[in-house]
Peer 1: 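Structure provided below as structure tokens; questions to follow.
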Amino acid sequence: MPLHRLHINTTGPGLYEFTREAKNFVRESKMDAGLLTAYVRHTSCSLTIQENADPDVKRDLNEFFARLVPGADHPSMSWLWHTTEGPDDMPAHIKAALTQTSIGIPVEAGDLLLGTWQGLYLFEHRERPHRREIVLHMGG
């Protein structure tokens with residue numbers, strides 16, 4: 001069963017689309033039907049399927065999560081213990097716990113069965129740049 005490690009360089013919080021890379025991997029696997037599993041190997045970012053047509057969706061999601069879980073230096077977060085890695089670290093872990101680290105997407109006729117406006121995204125929750133690794137695995 002084909003497996004591929006995809007690396008995404010992030011520049012801060014936000015959604016980084018990797019739909020094209022996932023589709024290329026599925027095509028190269030030469031499997032007509034099955035399940036693509038995408039898994040991120042980190043605890044301060046996550047994966048999501050989200051709209052990829054209107055950039056306002058990404059902007060609004062970023063704003064929502066920033067309001068939902070502010071940085072550790074915000075007064076409402078004074079209860080945090082894990083603060084040695086910076087004010088964005090523990091909030092990033094919380095955001096990752098609220099989302100997901102693995103996504104399964106059905107494959108039919110050698111293509112991902114995503115909806116018209118759906119895309120695959122790495123959701124970065126840290127402020128500083130990171131090199132993130134996503135494992136793509138095709139089973140069928």
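In this text the structure is predicted, and so the values were computed from the model without any measurement.
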Peer 1: Side chains of Gln118 and Thr19: closer than 4.5 Å at any heavy-atom pair?
Peer 2: no

Peer 1: Given side chains that start at C-beta, do those of His137 and Tyr39 come closer than 4.5 Å, heavy atoms only?
Peer 2: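 The answer is no, as the side chains (C-beta and beyond) never meet within the 4.5 Å cut-off.
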
Peer 1: Working to the nearest 0.5 Å, report the span between CG of Leu68 and CG of Leu61.
Peer 2: 11.5 Å

Peer 1: Starting at CG of Leu120, measure out to CD of Glu21 and round the result to the nearest 0.5 Å.
Peer 2: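 Output value for this atom pair is 9.5 Å.
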
Peer 1: Arg59 and Asn62: side chain to side chain donor-acceptor pair (under 3.5 Å), yes or no, with the steps?
Peer 2: CA-CA 5 Å; Arg59 213 175 355 261; Asn62 285 325; over 6 Å; no

Peer 1: Which value, rounded to the nearest 0.5 Å, describes the distance between Thr11 atom OG1 and Arg128 atom CZ?
Peer 2: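 Between Thr11 OG1 and Arg128 CZ, I get 13.0 Å after rounding to 0.5 Å.
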
Peer 1: Mind listing the closest non-hydrogen atom pair of Thr101 and Leu47 along with its distance?
Peer 2: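 Looks like O-CD1, 3.5 Å.
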
Peer 1: Kindly determine whether Leu122 and Leu6 satisfy side-chain contact (heavy atoms from CB on, under 4.5 Å), including the steps that lead there.
Peer 2: CA-CA 11 Å; Leu122 169 76; Leu6 171 65; over 6 Å; no

Peer 1: Hey, quick one: are Met77 and Phe64 part of the same hydrophobic cluster, counting side-chain heavy atoms closer than 4.5 Å, chains of contacts allowed?
Peer 2: yes

Peer 1: Does the side chain of Glu28 come within less than 4.5 Å of His4's, by heavy atoms?
Peer 2: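 They are not in side-chain contact.
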
Peer 1: Quick check against the 3.5 Å criterion: does His82 have a side-chain atom that pairs as donor or acceptor with the backbone of Leu80?
Peer 2: no

Peer 1: Are Arg67 and Glu63 close enough for a salt bridge, meaning some N to O gap below 4.0 Å?
Peer 2: yes

Peer 1: What's the shortest heavy-atom distance between Ser102 and Thr37, and which atoms?
Peer 2: OG-CG2, 3.6 Å

Peer 1: Side chains of Met31 and Pro2, heavy atoms from C-beta outward: is any pair under 4.5 Å?
Peer 2: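 Touching, per the 4.5 Å side-chain cut-off.
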
Peer 1: Return the CG to OG1 distance between Asp89 and Thr84, rounded to the nearest 0.5 Å.
Peer 2: 7.0 Å

Peer 1: Just do the side-chain contact (heavy atoms from CB on, under 4.5 Å) check on Asp111 and Lys23 with the steps written out, would you?
Peer 2: CA-CA 7 Å; Asp111 197 16; Lys23 285 184 172 197; 3.9 Å; yes

Peer 1: Are Ile8 and Ile105 connected in a single hydrophobic cluster, I mean Ile/Leu/Val/Met/Phe/Trp/Tyr linked by side-chain heavy atoms less than 4.5 Å apart?
Peer 2: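 Shared cluster, yes.
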
Peer 1: Return the NE2 to OG distance between His93 and Ser46, rounded to the nearest 0.5 Å.
Peer 2: 12.5 Å

Peer 1: Give the ring-plane orientation class for Phe65 versus Phe123, where under 30° counts as parallel, over 60° as perpendicular and anything between as tilted.
Peer 2: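 Ring orientation, 0 to 90° scale: perpendicular.
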
Peer 1: Return the minimal non-hydrogen interatomic distance between Glu85 and Asp88, and the atom names on each side.
Peer 2: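 Glu85 and Asp88 have their closest heavy atoms at O-OD1, 4.2 Å.
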
Peer 1: Looking only at heavy atoms, what is the nearest atom pair of Leu35 and Pro106, with distance?
Peer 2: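 Closest heavy-atom pair between Leu35 and Pro106: CD1-N, 3.7 Å.
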
Peer 1: When you group the ILVMFWY residues by side-chain heavy-atom contacts below 4.5 Å and let the links chain together, are Leu114 and Val57 in the same group?
Peer 2: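 Not linked; separate clusters.
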
Peer 1: Tell me, please, which residues at least two apart from His74 pass side-chain hydrogen bond (donor to acceptor under 3.5 Å, both in side chains).
Peer 2: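 Listed in chain order: Ser76.
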
Peer 1: Between Val40 and Leu112, is there shared hydrophobic-cluster membership here, with clusters defined by ILVMFWY side-chain heavy atoms closer than 4.5 Å?
Peer 2: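 Linked, Val40 and Leu112 end up in one cluster.
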
Peer 1: side-chain contact (heavy atoms from CB on, under 4.5 Å) between Met1 and Met138: does it pass, once the steps are laid out?
Peer 2: CA-CA 6 Å; Met1 290 191 252; Met138 187 62 199; over 6 Å; no

Peer 1: Which atoms form the tightest heavy-atom contact between Ser44 and Arg126, and what is the distance?
Peer 2: OG-CG, 3.5 Å

Peer 1: How far apart are the closest heavy atoms of Leu136 and Ala38, and which atoms are they?
Peer 2: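 Shortest heavy-atom separation between Leu136 and Ala38 comes out as CD2-CB, 3.8 Å.
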
Peer 1: When you measure from the side chain of Tyr121 to the backbone N and O of Gly14, does any donor-acceptor pair fall under 3.5 Å?
Peer 2: no

Peer 1: Evaluate side-chain contact (heavy atoms from CB on, under 4.5 Å) for Thr99 paired with His125, printing each intermediate quantity in order.
Peer 2: CA-CA 11 Å; Thr99 51; His125 303 302; 4.1 Å; yes

Peer 1: Please round to the nearest 0.5 Å and tell me the distance separating atom OG1 of Thr10 and atom NE2 of His130.
Peer 2: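 NE2 of His130 is found 6.5 Å from OG1 of Thr10.
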
Peer 1: Verify, without hydrogens or angle tests, whether Gln100 (side chain) and Ile103 (backbone) share a donor-acceptor contact under 3.5 angstrom.
Peer 2: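 It does not hold such a pair.
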
